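Remarks on the structure that follows.
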Amino acid sequence: MTFTPHGKHLIAGEWVATTDAFQSSPAHGPSYRFSTGSPELVDRACQAAEAAFPAYAASSRQDRAALLEAIADEIEARGADITAIGSQETGLPEARLNGERCRTTGQLRLFARHILKGEYLDRRLDEAQPERQPQARPEIRMMQRPVGPVAVFGASNFPLAFSVAGGDTAAALAAGCPVVVKGHPAHPGTGEIVAQAILAAIQRTNMPPGIFSLIQDGGPATGAALVQHPLILAVGFTGSQAGGRALFDLCAQRPEPIPFFGELGSVNPMFILPAALHARGAELAQGWAASLTLGAGQFCTNPGIAIVSTGPQGDAFVNATASALANIGPQTMLTSGIADAYCHGKQRFEQHPAVREVYVSGSSGRSASPNLYEVCAQDFLAAPTLAHEVFGPLGLVVRASNDQDMTRLARQLEGQLTATLQMDDDDTALAHALLPILERKAGRILVNGFPTGVEVVDSMVHGGPYPASTNFGATSVGTLSIRRFLRPVAYQNLPGAIMPDDLRQF
Ligand code: NAP
């Protein structure tokens, strides 16, 4: 690896050191010293973002697309170093980080193409009707405009695709909004090298340096100062329900409340319908075990709950899942805090009298192994905490005695990012009954697939009713995510001389 982090913040084109510092806690390799974030740095970054906003908001879509392409190029140019430091800090395998880097540059390029097409502006024109009686109608045009400076919180579980140059940053920069990122303490070196790539792209494309700042972690006071800063007008966040809710509440309590787009996780229930269970229970067990343990289960789309009928075929599914999990060894978790939280989550199941241990394995330090539990539908319905996310490779099988149990379970679900139906033709009637219930519960409904793996496309929804997200009208993945950082403005009777270019030509 040729990259050695210097440990500074990037504030509007300038690398800034502070006297307080923290040491990184890599899964392997050397630990480095990083300057600590603070409310003062937050203020500096937000002031610079606001100063850059008018020029950046007025920049052409072609110029912003060129910036996004340049960021992707600069990330690719640093690819080997990004993978090396990312793998050291997070413990994620190099192949995963290479794939995540491609997704990150792919997202940036997708947004470049998206804004060039111009459809996201949702432009509308109601022509003037000067002859209308009893009153003339004025000409009204409408389009979407950027909201202003946006705060982004780097996520622990996606050091690239949901962090410094991740989906939130790409969407905000595409929209015309400056971005202030609060880096995640789990991967500060990865954040620094990606910020270097963004700075190089800003310089290459002559964009104002104030459009991007990275503040390294400074504890809760830094994050709180960022969402409360009066110049910040929207927030993108991926993380825990507790952290996300605390920041959401701060946004709502501001003198000027702002939208907080939090993606707070989910248990992603999977309903295995009877005909599918009969036809391919063993195959579904293999598939579930693989999806459940992918990336040590540290995906917000991890399918933590499978709903399966009682009886011998359901028993065979449970046993086959346990056998498949037994073949999967321990994996390194992203942080020791996440590994501790996994152990605590496991205890919740072990201490519950109605829960049966199907397959349990030990964990130590930052390494975690899979676990599988089972509970009947009635006991699950009576114990809401069993439906809470355990971040890691832990599965719960809920046994349903009949179709009514399945629909009751679906009705009681909290908001989810995804819900999955494993079904065959003979399951159509039950699937038909479940679909309208699941539509109200989840942002994405899958049939005969597994929810890990989120396509970055125009039609993707990665969101859902609370607590999956704090804003059910939004997605944090795909081109629709740009809408989070836009605001419709109507322009009535504007003369051509002052009309924005985008409003004139369509
Ligand atoms: P987190 O604790 O929610 O932290 C995410 C970010 O928010 C960090 O930058 C953190 O900064 C900040 N933050 C949290 N609470 C805050 C508060 N009260 N005030 C100000 N800032 C605050 O998430 P995490 O560190 O990534 O992982 C912890 C747990 O979150 C995991 O065990 C897992 O359960 C869950 N998680 C879920 C998902 C998902 O996609 N569902 C993804 C990642 C994590 P500081 O570190 O400085 O406090």
Side-chain angles (χ1 to χ4, degrees), residues 20 22 24-25 34 36-39 41-42 89-90 92 151-159 161-164 166-168 180-188 190-191 214-229 232 235-251 253 260-268 294-304 333-346 348 363 366 368 388-394 414-418 443 451-452 454 462-464 466-470 476-477:
D20 290 344
F22 67 94
S24 63
S25 309
F34 288 87
T36 306
S38 67
L41 284 171
V42 166
E89 291 188 326
T90 62
L92 292 170
V152 170
F153 283 73
S156 59
N157 59 339
F158 278 90
F162 281 86
S163 284
V164 173
D168 290 340
V180 180
V181 175
K182 207 289 264 173
H184 197 284
H187 44 73
T190 314
L214 165 67
I215 299 169
Q216 296 286 11
D217 194 56
T222 302
L226 182 57
V227 303
Q228 290 177 302
H229 198 285
I232 291 294
V235 183
F237 173 93
T238 297
S240 68
Q241 199 171 322
R245 184 61 201 237
L247 292 167
F248 171 88
D249 288 343
L250 288 177
C251 288
Q253 287 156 12
F260 176 85
F261 297 100
E263 194 264 88
L264 312 184
S266 166
V267 289
N268 304 294
L294 191 69
Q298 300 166 115
F299 286 108
C300 35
T301 50
N302 196 37
M333 298 203 88
L334 293 158
T335 66
S336 47
I338 288 176
D340 288 348
Y342 178 62
C343 290
H344 281 117
K346 214 180 122 178
R348 212 166 357 107
S363 300
R366 231 167 118 166
H388 293 170
E389 179 187 55
V390 177
F391 200 60
L394 184 147
E414 292 189 311
Q416 303 289 335
L417 293 169
T418 73
T452 38
V454 182
H462 189 65
Y466 188 83
S469 86
T470 54
S476 62
V477 175

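Quantities reported herein were computed from a predicted structural model and do not represent experimental measurements. Just so you know, ligand 1 is whichever comes first in the structure, and atom 1 is the first atom listed for that ligand.
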### Task
Supply the atom-to-atom distance L394 CG to E389 CD, rounded to the nearest 0.5 angstrom.
11.0 Å
### Side chain Q416, main chain V267, donor-acceptor under 3.5 Å
yes
### Query
Is the backbone of P188 close enough, under 3.5 Å, to the side chain of Q216 for a donor and an acceptor to pair up by distance?
yes
### Message
So, using side-chain contact (heavy atoms from CB on, under 4.5 Å) as the criterion, who are the partners of S163 when residues are at least two apart?
### Response
H187
## Note on the structure
Sorted by chain and residue number, the residues with a non-hydrogen atom under 4.0 Å of ligand 1 are F153, S156, N157, K182, H184, P185, D217, G219, P220, A224, F237, T238, G239, S240, G243, A246, L247, E263, L264, G265, C300, I338, A341, E389, F391
### Query
Under the ring-ring contact (aromatic ring centres under 6.0 Å, His included) test, which residues partner F237, sequence neighbours left out?
F153, F260
### Summary
Contacts of Y342 meeting ring-ring contact (aromatic ring centres under 6.0 Å, His included) (sequence neighbours excluded), chain-then-number -> none
